[in-house]
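Remarks on the structure that follows.
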Amino acid sequence: MDYTSGRHFLQIPGPTNVPERVLRAMAKPTIDHRGPEFSRMAKEVLEGLKKVCQTASPVVIYPSSGTGAWEAALVNTLSPGDRILMFETGHFATMWRNLAIRIGLEVDYVPGDWRRGVDPAVVERKLTEDRQHTIKAVAIVHNETSTGVTSRVAGVRQAIDRASHPALFMVDTISSLASIDYRHDEWGVDVTVGCSQKGLMLPPGMGFNAISPKALAAAKSARLPKSYWEWEAMLNANKSGFFPYTPPTNLLYGLQESLQMLLEEGLPKVFARHDRLAEATRRAVRAWGLELVCQNPEEYSSSLTAVWMPAGHDADAFRKVILERFNMSLGNGLGKVQGKVFRIGHLGDFNDLMLAGTLSGLEMGLGLAGVPYKKGGVMAALEYLGQK
Ligand SMILES: Cc1ncc(COP(=O)(O)O)c(C=O)c1O
């Protein structure tokens with residue numbers, strides 16, 4: 001392999017760029033995970049994660065990817081054969097649905113076209129029709145990473161309340177946590193599912209569950225088999241700053257640093273930064289004459305932008321040109337939009353000039369790959385960024 005000079009542009013929607021401060025924090029020697037220094041650090045990060053989830057309830061940390069945190073949410077609260085309401089908003093919603101089926105749940109899966117978020121009116125209708133309360137949980141993906149479409153979590157909560165339905169409410173915030181405003185307590189979420197490698201600016205390797213009192217109560221009678229994922233053992237150990245098994249110590253050092261960085265910037269500013277970079281990206285895409293996957297402006301994602309390739313052009317061939325020529329990775333189309341869509345990640349440790357470089361690579365790449373487009377996307381984004 002030839003050496004490529006300069007920095008790689010990691011513009012996939014997670015894992016995201018890991019900042020120097022976090023890399024340095026993780027390079028410290030691993031300590032005794034049963035000693036007092038570890039306990040102090042674990043208590044600090046468990047408190048800090050609550051701030052990021054905007055909750056007073058406990059948050060647990062698993063040495064796992066996001067998929068583990070999905071499974072933990074379900075196995076701790078539900079029993080074999082329980083019905084769960086889910087929505088086909090994209091590839092990740094489908095993966096969570098598949099997991100739910102594999103562990104023995106009965107999924108009521110509302111079909112979707114991958115261009116819109118969850119419709120609160122459908123939630124209300126489904127729950128109102130369920131007079132016997134056989135639906136035990138509603139589970140949605142806040143930010144669908146495969147499409148760049150967000151769902152209105154507060155609106156779904158209101159729909160559940162309008163139907164006066166007791167179902168638990170679970171939300172996957174894997175690509176929205178610490179990037180897009182998300183409020184576990186205010187929005188009445190029972191289980192929040194998160195992970196480390198996106199807005200938290202960490203490498204992959206940690207999954208999170210924020211757990212409401214109602215979810216904790218449900219866990220007492222939930223009968224799906226579990227051991228590694230069991231909340232009770234984790235919460236008991238966490239009280240004194242420990243884990244029931246060996247924790248990912250060096251990732252926790254990284255989390256301590258990234259939480260510090262997020263709180264130094266302030267969550268409102270973090271969200272505003274993501275909103276602004278996302279808007280600049282959409283302006284570039286429109287100026288190129290390309291089409292966004294997301295159809296409803298109310299549901300635009302501030303973490304990533306997914307774009308349709310013009311008919312007859314392969315998104316993966318385009319991504320290959322950009323990787324080879326400009327050392328930049330873009331997200332591929334997943335599942336049924338493979339080859340048809342590419343995704344621009346603009347979340348995590350990211351700023352105006354990094355976006356300017358990203359969009360420049362894209363505009364040059366469109367020309368090199370022979371994709372029909374109009375010039376001026378970069379300029380449209382820069383005009384927006386330069387103004388505000
Ligand atoms: C919204 C969403 N949910 C779940 C997952 C699965 O997480 P992981 O690949 O870390 O298991 C991802 C991964 O990108 C995701 O974007």
Side-chain angles (χ1 to χ4, degrees), residues 10-18 53 60-75 84 86-103 107 109 112 114-118 138-153 156 170-180 182 184 189 191-210 228-229 248 251 254-255 274 278 293-294 299-306 329-338 341-348:
L10 183 65
Q11 298 319 134
I12 58 174
T16 62
N17 297 290
V18 180
C53 295
V60 294
I61 303 174
Y62 296 105
S64 78
S65 79
T67 301
W70 265 347
E71 182 161 338
L74 302 178
V75 295
I84 172 167
M86 299 176 113
F87 294 81
E88 189 196 356
T89 50
H91 177 72
F92 290 104
T94 305
M95 302 268 284
W96 200 8
R97 189 271 315 241
N98 294 345
L99 188 159
I101 292 171
R102 280 198 295 271
I103 62 174
V107 181
Y109 199 48
W114 292 35
R115 302 196 72 174
R116 268 171 273 258
V118 175
V138 177
I140 68 167
V141 175
H142 182 202
N143 185 71
E144 200 14 286
T145 324
S146 60
T147 61
V149 177
T150 56
S151 285
R152 288 156 287 163
V153 179
V156 173
M170 305 190 189
V171 182
D172 167 337
T173 65
I174 283 178
S175 57
S176 58
L177 198 65
S179 313
I180 302 174
Y182 175 78
H184 176 96
V189 179
V191 189
T192 292
V193 174
C195 74
S196 54
Q197 72 266 24
K198 312 240 180 195
L200 283 163
M201 310 176 286
L202 295 160
M206 288 188 292
F208 314 121
N209 279 174
Y228 187 78
W229 305 117
L251 284 174
L255 178 58
H274 282 81
V293 173
C294 183
E299 296 174 336
Y300 283 153
S301 166
S302 291
S303 307
L304 77 138
T305 301
S329 298
L330 295 170
N332 61 333
L334 292 166
K336 66 184 185 191
V337 295
Q338 194 194 348
V341 160
F342 66 89
R343 296 172 298 145
I344 310 162
H346 35 69
L347 74 162

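Counting convention: from 1, in listed order, for ligands and their atoms alike. These numbers were taken from a predicted model, which means no experiment stands behind them. Side-chain atoms are counted along with the backbone in the values below, which use heavy atoms only and exclude waters and symmetry mates.
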Between ligand 1 and the protein, which N/O pairs are shorter than 3.5 Å?
{"from": "ligand 1", "atom 1": "3 (N)", "to": "D172", "atom 2": "OD2", "distance (Å)": "2.6"}
{"from": "ligand 1", "atom 1": "10 (O)", "to": "G66", "atom 2": "N", "distance (Å)": "2.8"}
{"from": "ligand 1", "atom 1": "10 (O)", "to": "Q197", "atom 2": "NE2", "distance (Å)": "2.9"}
{"from": "ligand 1", "atom 1": "11 (O)", "to": "S65", "atom 2": "OG", "distance (Å)": "2.6"}
{"from": "ligand 1", "atom 1": "11 (O)", "to": "G66", "atom 2": "N", "distance (Å)": "3.2"}
{"from": "ligand 1", "atom 1": "11 (O)", "to": "T67", "atom 2": "N", "distance (Å)": "2.8"}
{"from": "ligand 1", "atom 1": "11 (O)", "to": "T67", "atom 2": "OG1", "distance (Å)": "2.5"}
{"from": "ligand 1", "atom 1": "14 (O)", "to": "K198", "atom 2": "NZ", "distance (Å)": "2.7"}
{"from": "ligand 1", "atom 1": "16 (O)", "to": "T145", "atom 2": "OG1", "distance (Å)": "2.5"}
{"from": "ligand 1", "atom 1": "16 (O)", "to": "K198", "atom 2": "NZ", "distance (Å)": "3.4"}

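For I180 against H142, the heavy-atom pair with the smallest separation is CG2-CE1, 4.0 Å. The heavy-atom pair separating R343 from N332 by the smallest distance is NE-O, 2.7 Å. V293 and W114 get closest at one heavy-atom pair: CG1-O, 3.6 Å. Closest approach of S64 and W229 over heavy atoms only: CB-CH2, 3.7 Å.
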Going through the distances and angles, do T305 and Y300 end up as a side-chain hydrogen bond (donor to acceptor under 3.5 Å, both in side chains)?
CA-CA 8 Å; T305 301; Y300 283 153; over 6 Å; no
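Annotation: salt bridge (charged side-chain N to carboxylate O under 4.0 Å, His left out) contacts of R97 (sequence neighbours excluded): none.
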